[in-house]
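Below is one structure; the comments refer to it alone.
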Amino acid sequence: MSEFSASSTEPADESTSAHAIQAKWQKYWAENETFLAGGDDDRRPRKFVLAMFPYPSGDLHMGHAENYLYSDIVARFWRHRGHNVLNPIGWDSFGLPAENAAIRRGADPREWTYQNIEQQKTGFKAYGVSFDWTRELHTSDPEYYHWNQWLFLQLHERGLAYRKKSPVNWCPNDQTVLANEQVVDGRCERCGAEVVKKKLTQWYFRITDYADRLLDDLNQLEGRWPHKVLQMQRNWIGRSIGADVDFRIEGRDEPVTVFTTRPDTLHGATFFVVAPDSDLAAEIAADAPAEVQTAFAEYLATVQKTTDIDRQSTDRPKTGVFLERYAVNPVGGERLPIWAADYVLADYGHGAVMAVPAHDQRDLDFARAFDLPVKVVVDTTAPITGVIPVIDLDEDGVPIEPVETLDAQHPASTGIALSGEGRMINSGDLNGLSKRNAIARAIEQLTAAGTGRAAKNYRLRDWLISRQRFWGTPIPMLHHDDGTVTPVPVEQLPVKLPAAAGLDLSPKGSSPLGAAESWVRTVDPVSGDPVLRDPDTMDTFVDSSWYFLRFLSPNSDQFAFDPAEAARWAPVDTYIGGVEHAILHLLYARFITKVLFDMGLIDFTEPFSSLINQGMVILNGAKMSKSKGNLVLFQEELDKYGADALRTGLAFAGPVEDDKDWADVSTTGAQKFLSRALRLSHEVASPVDVVFKDGDAALRRGTHRLLADAPALVEQTKFNVLVARLMELVNLTRKTVDTGAGAGDPAVREAVETVAVMLDLIAPHTAEEMWEALGHEPSVGLVTWRQADPALLVEDTITAVAQVNGKVRAQLEVSAKITADELEALARSDERVIRAIGDKEIVKVIVRAPKLVNFAVKG
RNA sequence: GCCGGCGUGGCGGAAUGGUAGACGCGGAGCACUCAAAAUGCUUUGUCCGAAAGGACGUGUGGGUUCGAGUCCCACCGCCGGCACCA
């Protein structure tokens, strides 16, 4: 025992009392179920506030601390505003990490998952989040994934779930296929391995059927979702407007259709390209001379070995093989040599393009690499607006092109394709038209000739949902000997996962479920024939595409969700989560919502009315990661500072959507502020029922200003400013107590009560403690916010500014009711104003009584 | 390459076209204390000046306006998304 410590106060004092306070109130909330959503008889307006549910990967981290703080602030806010608030929590508990952890330890993924859930649950409770715990759900429970299977069957029935053999993204590390959205820069979104292409038969959801609605409905969300997310979804869907054009292929009965956004340049097509890995290429090559077939086979083999990463590098030289076959241009009838080249993608458009090298950079690069002709059909030097310029005509009435200008910049020599605006040349009766008009005219002509039509294409691909892994929802389909595939009858759902015990879960390219003999072999309940279950499980993004609805009837075994409850609560009013889901989860949830709408189960078409994207919590400018060893541990910080200081520090650190560097988060500053506020609540010396009316006027004004401003601050998610404003009021109250009206003044009670009720959003334990110290019954979380008194918002005197040429020269204390003339006169007589004007001439005087006068002077 | 966003003190950040830098961190000083911690108070954009006061100041350059961090144009820099999508 050191003699130094005997007389010293432990520095941990602040946080130990904070820990006592938080334990006290967490117990109270749990025992009283303070934050349950009201039932059917609750007449208050409803708010559905939701944070993206967590994956139970271990303990909570600082990202969770931020995410669930924000949703808690919003939920608490609406309770204070007299709303019936639903703020539920669940776990996105299927997925690869559980399986990988299980493989490493030879354990059951179920155990790992549910242990982590318990740990996270404890963390959330210690953090003081006002969840309605009675609606907790886990997507890995059969009671939940039952309805994933139901959803799958519904989509199947509507033709929206189908199987096809197609090249897919394959992660060689996780040994499973991936959806397009899960491939980031050619790598597996989860493990970072280079993705390869494989041709497999897989289940898809037909999200492309909804492409137009998914794109167009984004306009409804303008201003309610972050602009960035809307833009990302628009790009992802990537609608292109143009035309389909039919090309006859010599020696083939059926014409081949290509998609183009530039039907105006049809006359400039000089060759034709097919994707080497398309069926069309194989077919065309099959009828080519033997040496061409060999060359093509070699080329195809090379292409298939190329990863997406290499394939996507734009400066990669163009490669291809001439197939010695010809397509015929539907306008003009020119013969176009057919090439196979990997710059054309098999799964976009029709897997074939007409090449117009003069006006498309990729085609030009290819033409220059293989010495193919380049024909300019748009004069991009011609003006595109105003009157059509005089064009010299030859004796046949065909415009003579200004040869010199074109030569100087001919794409074949410059290597730069002319993709800009201009006027058509060398294009028959399109000549002289602008690009835009020529596109319209070309489509008309193609339609009339029956060789083309207006068309749209999307970057978006169908959603591949099969996964060759164990820990997910079994796909409820049965495979018959004759190759037919039939659904499991809906009344036999759920198809439960077998026990993991005895199964080899290690990745091997096919689902571990296939080896669960007694599970995979079953009998078709319709025909009685022996059948095999589909061994794949669903992408976990299926689970999360509708979970927000399950919170409305979390225990029902009658339906996925009760449509009546959905009508009451949904859609989600405020949804909060990281921007990493800008496409994946949010696009899928929007898609499934539209399907459910089409099924008549819900009456809305967008699941999340408003969306908040929080930034990341980083450390010293770098993303935190286990491998870098720069983790800030949630539990450690919580132990050190307490939940309220953590919450306040985070909320105050900066705008919601910005990244927060933990190095800049001042938890000690937060602690200091919270104890100042708490101390005030103990100092208040007036009785609980004191009338505020006669309290200190300046403090009352400060209180009511905050009452007036706070709701907008919360609704605009300016939580950092709300904390700053609370600090201001605490400071003002401190001053009033110490050097002003004193602790017994009614205004002090009014101010401290206001702080307590508003602070509940940020630091709920401290707020409850204050509320109790002030002589009130808990819970402060259910107290309605006081209205600002407009009479208290107007001041008797205010500081007006006098400017000369926009520069402030004097501050004037004036009556709030001062007239424009009085204010101007006062300003004119001010010595500093007179000096600033000097002998210059006043040209104009702007008066905005009572706040501002500006003299515009000259000379 | 295409699309989007952002540039404000030493730092995190405030600011319906109307006093730029609220609030906090950090710094400096003071009070209380034997001393420290804690707490409270004062001060803190840069430059000139002893002060009064003045000049400059929101990435750069222009513009609109009585007045611009805020609106418009161009440029520079950083960040994010997409990318051989015809």
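A note on names: the letters A, B, ... follow the listed sequences, proteins ahead of strands, and every chain is numbered from 1. What you see below is based on every heavy atom in this structure, not just the backbone, and it leaves out hydrogens, waters and symmetry mates.
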Span that lies between the [atom1] atom of [M] and that of [N], in whole angstrom:
N: B:C41; M: B:G63; atom1: C1'; result: 48 Å
N: B:U43; M: B:G53; atom1: P; result: 16 Å
N: B:U70; M: B:A15; atom1: P; result: 15 Å
N: B:U60; M: B:G77; atom1: C1'; result: 10 Å
N: B:G69; M: B:G59; atom1: C1'; result: 12 Å
N: B:C25; M: B:C34; atom1: P; result: 28 Å
N: B:A52; M: B:C6; atom1: P; result: 40 Å
N: B:U58; M: B:G7; atom1: C1'; result: 9 Å

Can you tell me the base-pairing partner of [N]? Count Watson-Crick or G-U wobble geometry only, both distances below 3.5 Å, and say none if there is no partner.
N: B:A22; answer: none
N: B:C75; answer: B:G59
N: B:G80; answer: B:C3
N: B:A51; answer: none
N: B:A28; answer: B:U42
N: B:A36; answer: none
N: B:A68; answer: none

Is the backbone of [Y] close enough, under 3.5 Å, to the side chain of [X] for a donor and an acceptor to pair up by distance?
X: A:K660; Y: A:P655; answer: yes
X: A:N613; Y: A:G577; answer: yes
X: A:E824; Y: A:D821; answer: no

Go through [options] for me and flag the one nearest to the [X] side chain.
X: A:P655; options: B:G18, B:A14, B:G5; answer: B:A14
X: A:K318; options: B:A86, B:G24, B:C84; answer: B:C84
X: A:R459; options: B:C84, B:C41, B:C82; answer: B:C82
X: A:V801; options: B:U19, B:G12, B:A86; answer: B:U19
X: A:D658; options: B:C11, B:G13, B:C66; answer: B:G13
X: A:R679; options: B:C41, B:U39, B:G13; answer: B:U39

Item to check | Heavy-atom side-chain proximity of A:F366 to A:L364 below 4.5 angstrom | outcome: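 With C-beta onward as the side chain, the pair stays apart.
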Checklist entry - Under 4.5 Å between any side-chain heavy atoms of A:I762 and A:I73, yes or no? => result yes
Item to check | Test of ring centre spacing under 6.0 Å for A:W339 and A:F272 | outcome: no
Grab the [atom1]-[atom2] distance between [X] and [N] for me, whole Å please.
X: A:E728; N: B:C23; atom1: CD; atom2: P; answer: 5 Å
X: A:N805; N: B:G67; atom1: CG; atom2: P; answer: 7 Å
X: A:L713; N: B:A14; atom1: CG; atom2: P; answer: 11 Å
X: A:Q233; N: B:C3; atom1: CD; atom2: P; answer: 20 Å
X: A:L726; N: B:A14; atom1: CG; atom2: P; answer: 16 Å
X: A:L650; N: B:G12; atom1: CG; atom2: P; answer: 17 Å
X: A:R809; N: B:G53; atom1: CZ; atom2: P; answer: 12 Å
X: A:R461; N: B:C82; atom1: CZ; atom2: P; answer: 14 Å

Checklist entry - Of A:L460 and A:H227, whose nearest nucleotide on RNA chain B comes first from the 5' end? => result A:H227
Next on the checklist: Between A:G669 and A:N854, which residue's closest nucleotide on RNA chain B lies nearer the 5′ terminus?
Outcome noted: A:G669
Checklist entry - With a 3.5 Å cut-off and just heavy-atom distances, do the side chain of A:Q803 and the base of B:G18 make a donor-acceptor pair? => result yes
Item to check | Side chain A:N235 and base B:C82 donor-acceptor under 3.5 Å | outcome: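 No such pair is found, so the answer is no.
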Have a look at [X] and say if it touches a base, only the backbone sugar-phosphate, or nothing, with a 4.0 Å heavy-atom cut-off.
X: A:K228; answer: sugar-phosphate
X: A:T668; answer: nothing
X: A:K807; answer: sugar-phosphate
X: A:N720; answer: sugar-phosphate
X: A:A724; answer: base
X: A:V808; answer: sugar-phosphate
X: A:Q811; answer: base

Next on the checklist: Could you walk me through whether A:T257 and A:D246 satisfy the side chain to side chain donor-acceptor pair (under 3.5 Å) test, starting with their C-alpha distance in whole Å, then the side-chain angles of each, then the deciding distance to 0.1 Å, before giving a yes or no?
Outcome noted: CA-CA 4 Å; A:T257 304; A:D246 305 329; 2.8 Å; yes
Checklist entry - Under 3.5 Å, is there a donor-acceptor pair between the A:Y343 and A:D363 side chains? => result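 There is such a pair between these side chains.
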Item to check | Syn/anti label of B:G9 as read from its glycosidic torsion, with the cut at 90° from 0 | outcome: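 Syn, angle within 90° of zero.
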[X] side-chain N/O to [N] phosphate OP1/OP2 under 4.0 Å:
X: A:R676; N: B:G40; answer: yes
X: A:K672; N: B:C25; answer: yes
X: A:R832; N: B:G53; answer: no
X: A:S666; N: B:G12; answer: no
X: A:N731; N: B:G24; answer: yes
X: A:Y343; N: B:A86; answer: no

Item to check | Whether over 12 other heavy atoms sit under 6.0 Å from A:R436 CZ | outcome: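 12 or below, so no.
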Next on the checklist: Testing the basics here: between A:A645 and A:A670, what is the closest heavy-atom pair and its distance to 0.1 Å?
Outcome noted: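 Reported closest heavy-atom pair: O-CB, 3.5 Å.
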